[in-house]
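First up is the structure itself, then whatever we jot down about it.
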Amino acid sequence: MVTTTNNRIRHPLTEFIQRLQTGEALLRDTPENVLEVVGILKSYGVVLDAYSKNLIYIAENQFLVFFPFFKYFNGEISFQKLLRHWWHDRINFEYAEYCMKAMFWHGGGGLDQYLDTKDFQQRAKAVIAAKFQNNPIMMGINQLFPDFLIEQLRVCCYYSGLGQFWRVMADIFLSLSDLYDQGKIKSIPQVVNHIKTGLVEAAHKPITYSVKIKDKVYEILPASLGLTFLADTAIPYVEAVFFRGTPFPGTVSYNAQAYQIPPDQGRFQYGALYADPLPIGGAGIPPTLLMQDMRHFLPEYLHEVYRHSLRGEDDLRVKICMTFQKSMFCVTTAAILGLMPYPADTQDPQEQELNRVYLEKWMDRLQTSRLMDVNS
C-alpha cells in the first residue's frame with residue numbers, strides 16, 4: 001500500500017494571513033505609509049465630525065420632513081451660508097447620505113432586524129400620529145399608504161445610527177493624529193492597534209434614537225433594545241461600505257439583460273476596498289465628493305507629498321483616494337483582529353487553527369480587492 005499525505009492547499013493570500021498572525025497589518029509597514037495613513041485619517045476625521053453632526057441633526061430635527069431644503073445647514077441658516085451652499089463651497093453631505101443608503105439597503109445587525117418588528121411599527125405609529133395630528137391631509141395619505149411614513153422613520157433610524165458610529169470613528173482618527181504629532185505613533189501596527197483599541201472601548205456603547213414633538217420625547221430606538229456600536233453599526237458599516245457598496249452609475253450597466261451587476265447583493269464587490277481610484281472626479285462616482293471634502297483638510301506634511309509627486313496637484317483627488325484606500329485596509333485590519341475568536345499570539349494549536357480558518361474566510365473575500373495594489 002502507498003501512503004499519501006493530504007497537504008493543505010496553500011491560500012493565495014497566505015502572506016497576509018501570516019502577517020495578521022504575527023501582529024502585522026494588511027498594509028506594509030513603511031515610514032511613507034505611516035505618514036500617508038495618519039495624514040489622510042486626520043483629514044477624514046475632520047470630515048466625519050461634520051458628517052456625524054449633520055446626520056444626527058437630520059434624524060432629530062428633519063424627521064418626516066418631505067422637502068427638507070435646509071437639512072444641510074444644521075439649523076444655522078443665513079444668506080451668506082446659502083450663497084456658499086449654492087456655490088458648493090461647503091462639505092458635501094450628500095456623500096454621508098450615500099453611505100447611509102448603502103447601509104440601509106444592505107442591512108445586517110440588530111438595527112436592521114428591529115426595524116421589521118411590530119414593536120418598531122407601534123413606536124413609529126405613535127410618532128406619526130403626534131407629528132401629524134393637526135394635518136388631515138398627511139393622516140389621509142397615511143391611511144391610504146400605511147407603510148410610507150413608517151419607511152421614512154426607518155431611514156431616519158439609519159441617519160442616527162450612522163451618525164453615532166461616525167462620531168466615535170472621528171474621535172479615534174483625530175486622537176490618532178494627535179499621538180502622531182507627539183511622536184507616539186511610528187508604525188502601521190501602532191496605527192492599527194490604536195484603531196482596534198478605540199473600537200473595543202466603544203464596542204458596547206448603546207445606540208439609541210429619540211425625537212421630540214412639542215414637549216414630549218418619543219423613543220424610537222430605546223436603550224432597552226440593547227443595540228450597540230460594534231455589532232449593530234460598525235460591522236454592518238464595514239460590510240455595506242467597505243465590501244459590498246453600490247455600483248457607480250456610468251461604470252457598469254444597470255440593464256438587467258447586460259448581467260453586469262450580480263443579482264445577489266451578497267456578491268457585490270463595489271466597496272471601498274475594491275474601487276478603482278482612477279474614475280475619481282468623474283460623473284456618477286460618489287467617492288469624488290468625499291475626496292473633495294478631504295482635500296480641504298489635508299495636513300501640510302501630506303499635502304507636501306502630493307505636491308512633489310509626478311503630476312503635482314493635477315490628480316490630487318485620485319492620490320487622496322489611493323491613500324484613503326491604504327487607510328481603510330488599516331481599519332479593516334483593526335476590525336479583523338478585534339473580531340478574531342482567539343488572541344493572535346495564542347499557543348494553543350486548536351485555537352491557532354480556528355484563527356487561521358477565520359482569517360482565511362476574510363482573505364477569500366479580499367482576493368479581488370486592491371490589497372495587492374496598495375502594497376505594491
Side-chain angles (χ1 to χ4, degrees), residues 37 39-63 65 68-77 81 84-85 88-106 109 111 155-177 195 198-199 202 205 207-209 221 229-230 232-242 245-246 248 271-272 275 280 285-299 317 320-321 323-325 327-328 330-332 335:
V37 167
I40 205 67
L41 289 181
K42 165 66 181 296
S43 176
Y44 190 45
V46 175
V47 172
L48 286 192
D49 177 70
Y51 285 174
S52 170
K53 291 176 181 176
N54 185 247
L55 287 174
I56 292 174
Y57 168 78
I58 292 174
E60 295 180 352
N61 298 279
Q62 300 288 304
F63 64 97
V65 177
F69 295 110
F70 300 106
K71 65 180 179 179
Y72 297 146
F73 285 68
N74 290 349
E76 302 171 359
I77 303 173
K81 195 171 184 179
R84 289 202 307 269
H85 184 87
H88 290 280
D89 181 21
R90 60 180 176 88
I91 296 289
N92 292 292
F93 295 112
E94 293 88 342
Y95 182 76
E97 290 186 301
Y98 162 77
C99 292
M100 179 275 297
K101 291 174 182 176
M103 279 188 71
F104 179 64
W105 191 62
H106 286 294
L111 174 58
V155 175
C156 289
C157 289
Y158 269 91
Y159 270 104
S160 180
L162 180 56
Q164 293 174 69
F165 167 71
W166 271 344
R167 173 71 272 141
V168 172
M169 299 310 298
D171 293 340
I172 291 175
F173 296 150
L174 293 176
S175 62
L176 171 70
S177 175
I195 297 172
L199 292 174
K205 179 181 175 66
I207 299 296
T208 61
Y209 172 42
L221 299 177
F229 165 83
L230 184 64
D232 302 308
T233 58
I235 295 176
Y237 178 85
V238 169
E239 180 68 31
V241 178
F242 282 21
T246 57
F248 301 149
I280 291 296
I285 310 296
T288 296
L289 300 176
L290 175 61
M291 307 311 147
Q292 177 68 16
D293 288 340
M294 287 197 291
R295 71 176 296 179
H296 296 301
F297 304 103
L298 294 175
R317 295 186 192 90
I320 291 174
C321 184
T323 302
F324 180 68
Q325 277 190 326
S327 71
M328 291 302 99
C330 291
V331 176
T332 302

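Computed from a predicted structure; not experimentally measured.
Aromatic rings from F70 and H85 are positioned such that their centres are separated by 6.0 Å or more.
Within the 3.5 Å criterion, the main-chain N or O of N92 finds no donor-acceptor partner in the side chain of Q292. In this structure, K42 contributes its side chain and L298 its backbone to no donor-acceptor pair below 3.5 Å. Side chain of T288 to backbone of I285: a donor-acceptor contact under 3.5 angstrom is found. Looking at Q325, its side chain does come within 3.5 Å of a backbone N or O of A275 through a donor-acceptor pair. Remark: side-chain polar atoms of T233 are paired, donor with acceptor, to backbone N or O of F229 under 3.5 angstrom. S175 contributes a side-chain N or O that, together with a main-chain N or O of I172, makes up a donor-acceptor pair within less than 3.5 Å.
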Test log, rule side chain to side chain contact (heavy atoms under 4.5 Å, CB included), inputs V46 and L174
CA-CA 7 Å; V46 175; L174 293 176; 3.9 Å; yes
Please assess S43 against F324 for the test side chain to side chain contact (heavy atoms under 4.5 Å, CB included), listing each intermediate value before the final yes or no.
CA-CA 10 Å; S43 176; F324 180 68; over 6 Å; no
Output, in order, the C-alpha distance, side-chain angles, deciding distance and verdict of side chain to side chain contact (heavy atoms under 4.5 Å, CB included) for I320 and I40.
CA-CA 7 Å; I320 291 174; I40 205 67; 3.6 Å; yes
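The side-chain heavy atoms of L111 and Y158, taken from C-beta on, include a pair separated by under 4.5 Å. Considering only heavy atoms from C-beta on, C99 comes within 4.5 Å of L162 through its side chain. Put simply, the side chain of C157 reaches to within 4.5 Å of the side chain of L221, judged on heavy atoms. For the pair F242 and V331, the minimum side-chain heavy-atom distance is below 4.5 Å.
Looking only at atom types and distance, the side chain of E97 has a donor-acceptor partner in the side chain of Y159 under 3.5 Å away. Checking T246 against Y98 by side-chain atom types alone, a donor-acceptor pair falls below 3.5 Å.
Taking both residues in full, the closest heavy atoms of G163 and S52 are given as O-OG, 2.7 Å, listed atom of the first, atom of the second, then distance. Of all the heavy atoms in Y44 and M328, the pair that sits closest is CE2-CE, 4.0 Å. The minimum heavy-atom distance linking P236 with M103 is given by the pair CB-CE, 4.3 Å. Among all heavy-atom pairs drawn from N54 and K71, the shortest one is ND2-O, 2.9 Å. Across all their heavy atoms, D49 and A170 have their closest contact at N-CB, 3.8 Å. Contact detail for C321 and I280: the closest heavy-atom pair is SG-CG1, 3.7 Å.
Within 6.0 Å of atom NZ in K81, more than 12 heavy atoms from other residues, nucleotides or ligands are found, so the atom counts as buried in its surroundings. In this structure, K53 places its NZ atom where only 12 or fewer heavy-atom neighbours from other residues, nucleotides or ligands lie under 6.0 Å away.
A search for side chain to side chain contact (heavy atoms under 4.5 Å, CB included) contacts involving E239 returns R244, R365, not counting sequence neighbours.
Just one residue in the list F93, Y57, Y51 forms a ring-ring contact (aromatic ring centres under 6.0 Å, His included) with Y72, and that residue is F93.
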